[in-house]
Peer 1: 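Have a look at this one.
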Amino acid sequence: MTVARAAAIATFLCISPAVNAAACSADSVACPADSVACPADSVVCPADSVACPAGSADSSLCETPRSQRQHTFDGASLLPLPFFAAGLVARSGHGGFPSPYSSGGSKNTSTVIDDCLRFGGIATATALKACGYEGRSRWDRYAASAAFSYATMAATVLALKHAFPRTRPDGSADNSFPSGHTAVAFAGAAILHKEYGTTRSPWFSVAGFAMATATGVLRARNNRHWASDIMTGAGVGILSADIGYMLADIVFKDKGITRRPTSCAPDLMLHPSSLSLSMGTTVLSGIDLTKAQAVTSWGEEYTGLRRLADNTPPLLPAADAADGVIQLSVASATHVGAELSWFPFRSFPYAGIGSRIRLDTAPVRADGMRLYTGGADPATPHATAVSSTDRLTLFSHDAGLCLRLPLGSRAALGAKALAGFQHRAALRLPAQQPAGSTSAASATTATAPADGDRMDISSSTDFSHGFGISLTYSVRGGTACTVYCDYDSTDTAFDGTFYTCPAIRSASDTVSDTERRLLIQTFSLPATLRRFSVGVSMGITF
């Protein structure tokens with residue numbers, strides 16, 4: 001284990017300087033002579049490009065100096081670093097969630113969309129090439145670039161999984177970090193970006209990264225990966241594509257380049273508006289059930305949700321009975337979204353309007369639940385302390401004011417203030433048998449829904465508001481990469497019902513068996529739900 005961990009770390013340390021050096025070299029490359037005109041304040045286009053052959057109908061086939069044709073480290077090369085950073089932030093956000101869905105696969109969303117969608121980028125690029133739609137590389141060079149990319153990706157993912165074992169959210173295996181599906185998806189998206197996004201239209205890049213982002217979100221929604229697994233997998237996929245194309249450049253040199261980038265990096269002063277797709281991690285706070293106002297079915301009221309007593313009255317536990325307290329814990333969330341920022345006045349590219357839609361999903365756990373596992377004999381252990389888990393899902397749509405401060409033609413600082421609505425889906429948290437339990441009672445007793453505690457929290461739609469800051473950098477092909485940090489606040493109320501199933505089923509003179517088996521209390525928790533988010537986005541500028 002130690003040797004593998006050291007090897008993985010050494011690999012990244014060795015790769016990083018080479019990637020950075022190549023990126024710096026590629027960034028200084030001047031624009032091709034047949035590309036869209038460069039901004040007035042950018043590097044002047046060279047005059048040493050070789051002219052097209054007489055009668056040539058496709059200027060993309062013109063021969064140019066090697067430094068102008070090879071753009072291995074383009075805009076997508078900027079993405080791995082923020083993805084890795086976001087992954088590290090998310091990694092520390094679920095230390096108390098070793099197995100969110102402790103009952104096994106019953107909580108997993110049943111879908112195979114992510115299994116198919118991970119190949120969307122590479123399938124699209126290959127299909128376009130097979131239909132004769134020319135991209136960056138000739139078939140042999142394209143095949144070599146893709147092979148190098150996926151080989152690098154597979155080796156890196158396997159090394160990290162072996163060096164940093166982590167239990168999956170559903171508890172099925174210890175190979176959660178990083179997400180292999182996400183790495184495959186983003187490697188394919190980066191290949192589509194290099195072949196067609198930078199040479200034909202930036203919409204190819206948006207489509208590729210949209211499919212890759214959806215793959216990552218589905219892996220989280222299907223309870224297969226943590227947020228940090230997805231962030232790191234995305235970074236590995238993009239970096240692997242860069243390395244794969246760099247190796248193909250070394251092997252093929254000047255051969256096999258069929259089309260050059262269509263434009264220089266967009267000038268953010270002339271094209272300040274953008275449509276972008278974003279992905280990142282969110283830290284949630286503001287949920288504390290110890291402050292909830294609870295009411296039993298007998299009209300008894302108290303503060304703080306606590307489990308009702310299992311046997312005869314008084315049904316309410318003592319105020320200092322810590323073992324009866326029910327609490328909710330929320331891990332870091334994965335979010336995906338789309339954002340439109342429009343600056344209507346080209347002569348004043350500093351203020352505009354924006355709109356955003358976003359989906360956040362986070363594991364949530366209720367502690368202090370009890371599960372009935374025994375028979376009718378009071379002398380037999382009857383209750384097992386367990387946790388219950390579900391997914392907290394938030395969907396928000398906002399609009400507001402956007403501000404931008406250009407830092408030259410290729411970079412800009414941004415700020416926004418948005419307001420809108422947030423919808424929170426309902427939660428259902430039944431007591432679940434711990435994964436891997438081998439107790440005789442649990443092995444021989446079928447657990448009915450009424451044989452355990454259960455908490456239901458209703459859905460809610462509330463007004464939300466927030467602000468954010470960002471740093472945008474324009475890259476080739478009319479695209480821009482943005483690193484952002486957002487803060488959102490929502491005043492809401494977690495209203496729900498808690499059903500207590502007593503562990504002892506013996507009859508009582510005071511409480512009927514039916515009442516004892518299903519004791520009900522309602523609760524309400526007014527709260528301010530806060531979301532602190534970091535992430536990266538890639539979009540087209542116009």
Side-chain angles (χ1 to χ4, degrees), residues 1-19 76-77 79-88 90-92 94 98-99 108 112 114-123 143-192 208 211-213 215-220 222-248 250-251 279 334:
M1 184 64 68
T2 303
V3 174
R5 188 186 298 267
I9 295 174
T11 301
F12 277 101
L13 291 177
C14 292
I15 289 174
S16 296
V19 171
S77 304
L79 287 177
L81 183 58
F83 269 121
F84 285 133
L88 292 176
R91 183 183 173 89
S92 61
H94 51 74
S99 182
N108 288 18
V112 295
D114 50 347
D115 291 333
C116 303
L117 201 58
R118 58 178 163 165
F119 301 113
I122 188 66
S145 300
F148 285 139
S149 299
Y150 279 103
T152 303
M153 180 274 301
T156 304
V157 168
L158 291 176
L160 290 176
K161 284 182 179 291
H162 183 70
F164 303 99
R166 176 192 291 170
T167 304
R168 291 181 181 270
D170 60 3
S172 61
D174 293 328
N175 60 351
S176 183
F177 180 83
S179 169
H181 278 63
T182 308
V184 170
F186 273 88
I191 290 173
L192 178 61
M211 290 186 286
T213 300
T215 300
V217 172
L218 286 173
R219 295 303 286 171
N222 292 352
N223 195 37
R224 297 293 291 167
H225 284 288
W226 303 101
S228 56
D229 304 336
I230 296 168
M231 298 292 104
T232 307
V236 168
I238 297 171
L239 181 60
S240 297
D242 279 342
I243 295 174
Y245 272 74
M246 179 184 68
L247 294 176
I250 295 174
V251 172
M279 182 177 183
T334 302

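For the single chain, residues carry numbers from 1 onward in sequence order.
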Peer 1: Counting C-beta onward and ignoring hydrogens, is there a side-chain heavy-atom pair between Leu218 and Arg118 closer than 4.5 Å?
Peer 2: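 SC-SC contact between Leu218 and Arg118 ruled out.
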Peer 1: Nearest 0.5 angstrom please: Ser149 OG to Ile238 CD1, how far?
Peer 2: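 The CD1 atom of Ile238 is 12.0 Å from OG of Ser149, to the nearest 0.5 Å.
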Peer 1: Which pair of heavy atoms, one from Ser145 and one from Ala248, lies closest together, and at what distance?
Peer 2: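 Looks like OG-CB, 3.1 Å.
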Peer 1: Which pair of non-hydrogen atoms, one from Val157 and one from Gly180, has the smallest distance, and what is that distance?
Peer 2: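 The answer is CG1-CA, 4.2 Å.
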Peer 1: Looking at side-chain heavy atoms only, is the closest gap between Ile243 and Phe148 below 4.5 Å?
Peer 2: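 They are not in contact (no side-chain heavy atoms under 4.5 Å apart), so the answer is no.
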Peer 1: What heavy-atom pair brings Val236 and Leu160 nearest, and what distance separates the two atoms?
Peer 2: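 Heavy atoms only, the tightest pair is CG2-CD1, 4.1 Å.
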Peer 1: Quick one: side-chain hydrogen bond (donor to acceptor under 3.5 Å, both in side chains) partners of Thr182, sequence neighbours excluded?
Peer 2: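 Checked Thr182 against side-chain hydrogen bond (donor to acceptor under 3.5 Å, both in side chains); matches are Ser179.
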Peer 1: On a heavy-atom basis, which atom in Met279 and which in Ile230 lie closest, and how many Å separate them?
Peer 2: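 For Met279 versus Ile230, the nearest heavy atoms are CE-CG2, 2.7 Å.
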Peer 1: Side-chain contact, heavy-atom cut-off 4.5 Å: Tyr150 with Ser240?
Peer 2: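 No - every pair of side-chain heavy atoms lies 4.5 Å or more apart.
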Peer 1: Checking Ala173 now: which residues fulfil side-chain contact (heavy atoms from CB on, under 4.5 Å) with it, not counting sequence neighbours?
Peer 2: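 side-chain contact (heavy atoms from CB on, under 4.5 Å) check on Ala173 returns Arg168, Asn175.
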Peer 1: Look at the side chain of His181 and the backbone N and O of Gly216, then say whether any donor-acceptor pair between them is shorter than 3.5 Å.
Peer 2: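 Between the backbone of Gly216 and the side chain of His181 there is no qualifying donor-acceptor contact (under 3.5 Å).
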Peer 1: Go through the side-chain N and O atoms of Arg224 and Ser172 and say whether any donor and acceptor fall under 3.5 Å apart.
Peer 2: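 Yes - a donor-acceptor pair under 3.5 Å links their side chains.
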Peer 1: I'd like to know if Asp229 and Arg166 make a salt bridge, using a cut-off of under 4.0 Å between side-chain N and carboxylate O.
Peer 2: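 Looking at Arg166 together with Asp229, the answer is yes, because their closest N to O distance falls below 4.0 Å.
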Peer 1: Can you find a pair of side-chain heavy atoms, one from Asp114 and one from Asn222, that are under 4.5 Å apart?
Peer 2: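 Heavy-atom side-chain distance check passes, below 4.5 Å.
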Peer 1: Once you round to the nearest 0.5 Å, how far does CG of Asp174 lie from NZ of Lys161?
Peer 2: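 Between Asp174 CG and Lys161 NZ, I get 11.0 Å after rounding to 0.5 Å.
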Peer 1: How long is the gap from OG1 on Thr232 to CZ on Phe164, to the nearest 0.5 Å?
Peer 2: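 Atom-to-atom, Thr232:OG1 and Phe164:CZ are 10.0 Å apart.
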Peer 1: Can you name the side-chain contact (heavy atoms from CB on, under 4.5 Å) partners of Ala212, sequence neighbours left out?
Peer 2: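 For Ala212, the residues satisfying side-chain contact (heavy atoms from CB on, under 4.5 Å) (neighbours in sequence not counted) are Ala185, Phe186, Ala189.
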Peer 1: What distance separates Asp115 CG from Arg219 CZ, expressed to the nearest 0.5 Å?
Peer 2: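 It comes to 6.0 Å.
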